[in-house]
Amino acid sequence: MSAPKPKHDHDLLRFPQGFLWGAATSSYQVEGNNKHSDWWAWEQNRPPKYRCGMSCNQYELYEKDFDLIKQLNHNAHRLSIEWSRIEPREGQFDSHEIEHYKKVLQALKDRGVTVMLTLWHFTLPLWVAEQGGWENGATVKYFERFVKKIVPEIADNVDLWVTLNEPGVYIYETYIVREWPNAKKSLMGQIKTFWNLAQAHKRVYKFLHHSFPAGKPIGIAQNVMSFEPFHKHSVIEQLVVITNDLLTNHLFYFFTKGTHDFLGINYYFHGRFKHEGLIPEAVSSLPQTHDVSDLGWEIYPEGIFDVLTDLSDDIPIYITECGIATTNDDRRNRFLIAYLQEVARAIKSGVNVRGFFYWSLLDNFEWHRGFDPRFGLVEVDYLTFERQIRPSALVYTDIIQHNGIPHSLLRFIGHTVGAEEVLEKRYKEIIKGSKKL
Ligand code: BGC
């Protein structure tokens, strides 16, 4: 007798067992009062709207935020520690701040959450920046010394390490568009920074591997973009696509080959290159059919499928960030469902994706753009620090609880008749019940 034919489950788009579901934050963006950091010094010359100040005050309210994580059913969380707090002056480590981070990580563990910890997320202690920041080769040693000091204190409560967040974006914002400290036009500076970040990652990888052989995976969080030519048959546009893909998505991995246990992917952008004038430009070709975020970033779910299938290798992939800045929470619902549907498609076609971290748990300080962009699953009132769960957080929770996307949610993005009502009906009660926390 032949084996029974496998049945397709039409009710649910499933994710693999043990999938990590969570959200990401970074210390500077949510903690507040990081006075010893280069960003803090930089902001003092900017209008008040663009200063981080107390931010979400997570430094004091972390337990509340972790209760929210629990309440929302996340089984994992990505966060970072602030080098400038731990080593505010060269070689002087602040034991009070080390104790603080120990408590923070313990609080996550007490709630049964898998912890992904980023060791560097864009900010530097001011004293490091004053010596040239990542352009200075000595920073690699300083960073390694910091890591060697802090890691033994906290390692028990960390499950996955991210050494660096988005080296490419850091270089782009600091040296190319020059919106971040210490904005500078210097090709040499870019090259040195790239090189030193790659060295820093490699050294820290080695240290973590040798000292903690129990198999806690180590990677970076890399900003990865999907690209396409505007005219399918334009050779020049194809070449520009290939070059951009190599520089943005592959170069850092190439220079750090062999030192990644997983690929961490931050996915936000899709670029189309159009060649009409002399130099091909990145354009958005479909404003009528593709929605954009409040930052004007195109919503292009297909792109996450493309980058996942392109980068798929023999090591696991975690989506370390993916999110949307919007005050229209209905748009965030559609975003989540549509992007996760593409992640599920990629998994189905063989890509080894092990987790998804929405950016971000909370509204937070969006660097040079200040507080206007609202990325959070949870809304923050910056005057009172009150948190309010957004309906989209509950959509995400629903997906997490099913470890898959219920078909009724897929209908919602499919614009089928009655789709608008699906969410409303499904979440009405929960939304009504969501209160200020
Ligand atoms: C960064 C975050 C940032 C987010 C949204 C990522 O590039 O890691 O710090 O807030 O994108 O712009």
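Predicted model only: the values in this text are computed from it and were never measured. Every number for a ligand or one of its atoms is a count from 1 in the order of the listing.
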Item to check | Criterion side-chain hydrogen bond (donor to acceptor under 3.5 Å, both in side chains) on Y268 and E321, from CA distance to verdict | outcome: CA-CA 8 Å; Y268 292 95; E321 281 181 38; 2.6 Å; yes
Next on the checklist: Assess the residue pair S80 and S27 against the criterion (side-chain hydrogen bond (donor to acceptor under 3.5 Å, both in side chains)); give the C-alpha distance rounded to whole Å, side-chain angles, the decisive distance to 0.1 Å, and a yes or no.
Outcome noted: CA-CA 5 Å; S80 71; S27 48; 3.0 Å; yes
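Note: F365 and F371 meet the aromatic proximity criterion, with ring centroids under 6.0 Å apart. Between F93 and F146, the distance from one ring center to the other does not fall under 6.0 angstrom. Aromatic pair F15/F356: ring centres not closer than 6.0 Å. Under the 6.0 Å cut-off for aromatic ring centres, W120 and Y170 qualify, their centroids lying closer than that.
For atom 3 (C) of ligand 1, the closest heavy atom belonging to the protein is E366 OE1, 3.6 Å. Annotation: atom 4 (C) of ligand 1 to nearest protein heavy atom, Y268 OH, 3.4 Å. Among all protein heavy atoms, the one lying closest to atom 7 (O) of ligand 1 is E166 OE1, 2.5 Å.
Taking distance alone, with nitrogen or oxygen atoms compared against 3.5 Å, E321 approaches ligand 1 more closely than that limit. Between N364 and ligand 1, no N or O atom pair is found at a separation short of 3.5 Å. By the 3.5 Å distance cut-off applied to N or O atoms, Q29 is counted among the residues near ligand 1.
For the residue pair Y267/S226, the side-chain donor-acceptor check at 3.5 Å is satisfied.
When heavy-atom distances to ligand 1 are checked against a 4.0 Å cut-off, N165 comes that close only through its side chain, counted from C-beta outward. Under 4.0 angstrom from ligand 1, the non-hydrogen atoms of W297 all belong to its side chain.
Ligand 1 lies less than 4.0 angstrom from a heavy atom belonging to H121.
Taking a cut-off of under 4.0 Å to the non-hydrogen atoms of F375, the atoms of ligand 1 that pass are 5 (C). Short contacts between ligand 1 and F122, defined as distances under 4.0 Å to a heavy atom of the residue, involve ligand atoms 1 (C), 8 (O), 9 (O).
In this pair, H260 and H201 present their aromatic rings parallel. The plane angle is below 30°, not in the 30 to 60° band.
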